[in-house]
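Everything below concerns the one structure shown next.
Every number for a ligand or one of its atoms is a count from 1 in the order of the listing.
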Amino acid sequence: MRKGSRKDSQVKNILCIGAGYVGGPSMAVLADRSPDKKVTVVDVHAGKIRAWKGANLPIFEPGLDKIVKRTRGKNLFFSTDIPGEIKKADMIFVCVNTPTKAFGHGAGYASDMQYVEKTARMILQHARSETIVVEKSTVPVRTAQAIERILRSGATEGKQIEVLSNPEFLAEGTAVRDLEEPDRVLIGSRETRSGKKARRALADVYEQWVDRERIVETNTWSSELSKLTANAFLAQRISSINSISALCEKTGANIEEVSRAIGMDERIGQKFLRAGVGFGGSCFQKDILSLVYLCRSYGLNEVADYWESVVGINEYQKRRFVQNIIEHMFHTVTDKRIAVLGFAFKPDTGDTREAPAVYICKRLLEEGARLSITDPKALENARTDLEGIDQDVTYERNVYKAAKGAHALLVLTEWKEYQALDFQRIFKGMEKPAFVFDGRNLLDPAVLAKIGFHVVPVGKQEKGTFPLIDRSES
Ligand code: UDX
Ligand code: UDX
C-alpha cells in the first residue's frame with residue numbers, strides 16, 4: 001500500500017553518489033514512493049549515467065525499468081556533475097563501492113575505503129551546512145566516524161554535517177520488492193541531539209512508504225555491524241548446508257530432504273538452505289572478510305577463525321564441484337566440450353561478481369576443457385571475467401547451440417527457463433556418455449536419467465549408467 005507523505009520534512013533534494021546495483025534501484029524506488037522529493041543520482045562513470053538516462057539501463061533487475069520510466073525526468077534525475085549536485089543536496093546517500101582491498105595492509109580482507117574517503121572529501125568541499133550524509137555502502141564498523149572526522153575538518157567553515165548509517169539489505173533479482181517492502185530499515189546515528197534529529201529526518205523519508213515499526217533506530221556502530229552480521233549469518237547458512245551436502249554424497253542421504261526436514265523447525269526456518277556450487281555476489285565474501293579483519297584487528301582471533309571458515313567451506317564447495325566433474329569424466333576433461341548453463345551468481349540478474357561460475361570455468365580451462373557458456377543476462381559480463389583466457393570459450397545465446405557436441409552440461413545458475421528445455425533434443429546432439437552436473441539441483445535427475453543422461457546433483461545420489469557411487473539400493 002502506497003502511503004502519502006505524513007510529514008512535511010525539511011529534506012527536499014536528495015542526492016545519491018554511486019549509480020550501481022545499490023544506488024540505482026534504491027533511488028528509483030525512493031523517487032517513486034516520494035513524489036515530493038527531487039532525487040538525483042550521480043556517478044564518476046559517465047557511461048553508466050548515460051545508460052541510466054537511456055533505453056537500456058546499465059543493470060538488469062526485474063521491475064526496475066518500469067519504475068525508472070515513470071519517475072525519470074519527473075523527480076528522478078541522473079547526472080555527472082557531482083560538485084554541482086552536492087551543493088544543492090539536503091541529504092546525500094553514499095553508495096560507492098567498497099571492494100576487498102587488493103593491495104597493501106589488510107590486502108585480501110579489509111575493505112578498500114578509498115572511494116568512500118574521496119567522496120567524503122568532495123562532500124566537505126561542496127556541501128552546504130546542515131547536509132545529512134547517509135552511509136549506505138557496506139563498510140567496516142566505525143567508518144561513519146572516519147567520514148565524520150573528514151567532514152568535521154571543515155568545521156572552521158562553519159559546516160554542520162551529520163553522518164548516518166543506513167545499510168541496504170536488498171538482494172539482487174528481488175531488489176524492487178525488497179526496497180518497496182523491506183523487512184526492516186536500519187538507521188544508525190550518534191546519540192546526540194543533532195544525531196537523533198538527522199536520524200528522524202531520514203526516518204521521515206522512509207515513513208512515506210514503510211511502516212514505522214519496521215524502522216529500527218540504533219547507534220551508528222550497531223547499524224554498521226548489523227549489516228556485516230546479517231550477511232555473515234546468511235552466508236553461514238549456505239556454508240552449513242553445503243558442508244552437509246558433501247556428507248550426503250558419501251552416505252546416501254539426500255540434501256533436499258535434510259533441508260526440508262530441518263527447515264520445518266520454526267527456529268531454523270526454510271530459507272537459505274539450498275545446497276549448491278557455493279555462494280557468490282559482491283557482498284557475502286567481502287563482508288565476511290571485512291568482519292574477519294575487524295575481529296583480528298581487535299585480537300579476537302577465535303572469532304575471526306570461526307567466520308573465516310564460512311568462506312573456507314565456500315571455496316571447498318567450488319573445488320569439490322570441479323573435482324567431481326573431472327573424476328566422473330574418466331579423470332580428464334582435456335579437449336572435451338563442456339556447456340555451462342548459467343554464469344550469473346544467481347538468477348534474474350546479469351551480475352557475475354564473485355559468481356562460482358568464474359572460478360569453475362577458470363579451473364576447467366586450466367584442465368584443457370573447451371567451454372561453451374550460455375546465460376540469459378550475463379554473457380557480456382562473462383566475456384569480461386574470462387578476458388585473456390578465453391581462447392577455448394564460445395559464448396552462446398542459444399542453449400541448444402551451446403550444448404551441441406558437448407560431453408557435459410553444467411548448471412551453475414538456477415534460471416527457471418532451463419527447466420523448460422527440450423532435454424531429449426539436447427541429449428541427441430551431445431557426445432556420449434552425456435553428463436549433467438547440476439550445481440543448483442534445478443533439474444529432475446530421474447527424468448534426465450530416463451532420457452539417457454548421467455546426472456550428478458549436489459548432495460544427492462547420482463542417477464544414470466555410470467555411477468561412481470550408487471546407493472540407489474541402500
Ligand atoms: C557497492 C558495494 O559493493 C556494497 O558493498 C555497498 O553496500 C554499496 O556499494 P554496488 O552498488 O553493487 O554496491 O556497487 P557498484 O555497482 O560497483 O556501484 C558503485 C558505483 O559507484 C559505481 O557505478 C561507481 O562508478 C561509482 N563510484 C565509485 C563513484 O561514483 N565514485 C567513486 O569515487 C567510486
Ligand atoms: C545478499 C543479501 O541477501 C542481501 O540482504 C544483501 O543486501 C546483499 O547480499 P545478494 O548477494 O544479492 O544479496 O543475493 P542472495 O539472494 O543473498 O544470494 C547470494 C548467493 O547465495 C547467491 O550466489 C545464491 O545462489 C547463493 N544462495 C542463496 C545459495 O547458494 N543457497 C541459498 O539457499 C540461498
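- Among all protein heavy atoms, the one lying closest to atom 26 (C) of ligand 2 is I238 CD1, 3.8 Å.
- Neither the backbone nor the side chain of P99 has any atom closer than 4.0 Å to an atom of ligand 1 (non-hydrogen atoms only).
- Of all protein heavy atoms, the one closest to atom 19 (C) of ligand 2 is F284 CE1, 3.5 Å.
- In this structure, the protein non-hydrogen atom closest to atom 31 (N) of ligand 2 is R274 O, 2.9 Å.
- Comparing heavy-atom distances from atom 25 (O) of ligand 2 across Q317, K346, R440, K286 singles out R440 as nearest.
- Among all non-hydrogen protein atoms, the one lying nearest atom 12 (O) of ligand 2 is E172 N, 2.7 Å.
- Looking from atom 32 (C) of ligand 1 to the surrounding protein, the closest heavy atom is V96 CG1, 3.8 Å.
- Distance from atom 1 (C) of ligand 1 to its nearest protein heavy atom, with residue and atom name: N97 CA, 3.7 Å.
- A distance-only check finds a donor-acceptor pair linking the side chain of R199 to the backbone of T218 [under 3.5 Å].
- Between R397 and E380 the shortest heavy-atom distance is NH2-OE2, 4.1 Å.
- Of all the heavy atoms of A171, the ones lying under 4.0 Å from any atom of ligand 2 are found in both the backbone and the side chain.
- Taking 4.0 Å as the cut-off, K118 does not count as a neighbour of ligand 1 on heavy-atom distance.
- Heavy-atom proximity to L273, at under 4.0 Å, picks out these atoms of ligand 2: 33 (O).
- Nearest heavy-atom pair across Q285 and F279 is N-CE1, 4.0 Å.
- When all heavy atoms are compared, the tightest approach of Y206 to I215 is CB-CD1, 3.8 Å.
- G252 and Q461 make their closest contact through O-OE1, 4.4 Å (heavy atoms, listed as atom of the first residue, atom of the second, distance).
- Remark: ligand 1 and V42 share no N or O pair separated by less than 3.5 Å (distance only, no angle test).
- Of the listed options G281, G439, G280, G280 places a heavy atom closest to atom 20 (C) of ligand 2.
- The closest heavy-atom contact to atom 34 (C) of ligand 1, among the options F93, W52, Y115, comes from Y115.
- With ligand atoms numbered from 1 in the order given, ligand 1 contributes 25 (O) to contacts under 4.0 Å with heavy atoms of H45.
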Working for side-chain hydrogen bond (donor to acceptor under 3.5 Å, both in side chains), residues N242 and Y316: CA-CA 9 Å; N242 282 341; Y316 166 72; over 6 Å; no
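- Two rings, from F77 and W52, have their centers 6.0 Å or more apart.
- Using a distance-only test at 3.5 Å, with no hydrogens or angles considered, a donor-acceptor pair links the side chain of S243 to the main chain of S240.
- Given atom 5 (O) of ligand 2, the protein heavy atom at minimum distance is F169 O, 2.7 Å.
- Counting protein heavy atoms only, atom 23 (O) of ligand 1 is closest to D43 OD2, 2.6 Å.
- Scanning all protein heavy atoms for the shortest distance to atom 18 (O) of ligand 1 gives G20 CA, 3.2 Å.
- Counting the atoms of ligand 1 from 1 in the order shown, those under 4.0 Å from a heavy atom of K136 are 7 (O).
- Atom 21 (O) of ligand 1 has as its closest protein heavy atom G18 CA, 3.4 Å.
- Every atom of ligand 2 is numbered from 1 in the order shown, and the set under 4.0 Å from a heavy atom of K227 is 6 (C), 7 (O).
- Between F435 and F437, the ring-plane angle classifies as parallel under the 30° and 60° cut-offs.
- For R190 and E148, the salt-bridge test passes: some basic side-chain N is under 4.0 Å from an acidic carboxylate O.
- Judged by distance alone, the side chain of T413 and the main-chain N or O of W415 form no donor-acceptor pair under 3.5 Å.
- A salt bridge is absent between K286 and D112; no separation between the charged side-chain nitrogens and carboxylate oxygens falls under 4.0 Å.
- The existence of a salt bridge linking R383 and D390 is excluded, since no basic side-chain nitrogen approaches an acidic carboxylate oxygen closer than 4.0 Å.
- Of the charged side-chain nitrogens involved, none lies within less than 4.0 Å of a carboxylate oxygen, so that R149 and E117 do not count as a salt-bridged pair.
- For ligand 1, the polar-atom distance check finds an N/O of V44 within less than 3.5 Å of one of the ligand's N/O atoms.
- In summary, the atoms of ligand 1 found under 4.0 Å from a heavy atom of K48, numbered by their order in the structure, are 22 (C), 23 (O).
- With respect to K377 and E417, no salt bridge is recorded, no charged nitrogen being found less than 4.0 Å from a carboxylate O.
- Between atom 4 (C) of ligand 2 and the options L170, T138, V22, the minimum heavy-atom separation is to L170.
- When only interatomic distances are considered, the shortest N/O to N/O separation between R353 and ligand 1 falls below 3.5 Å.
- Around atom 17 (O) of ligand 2, the closest heavy atom drawn from F345, Y21, F279, F272 belongs to F272.
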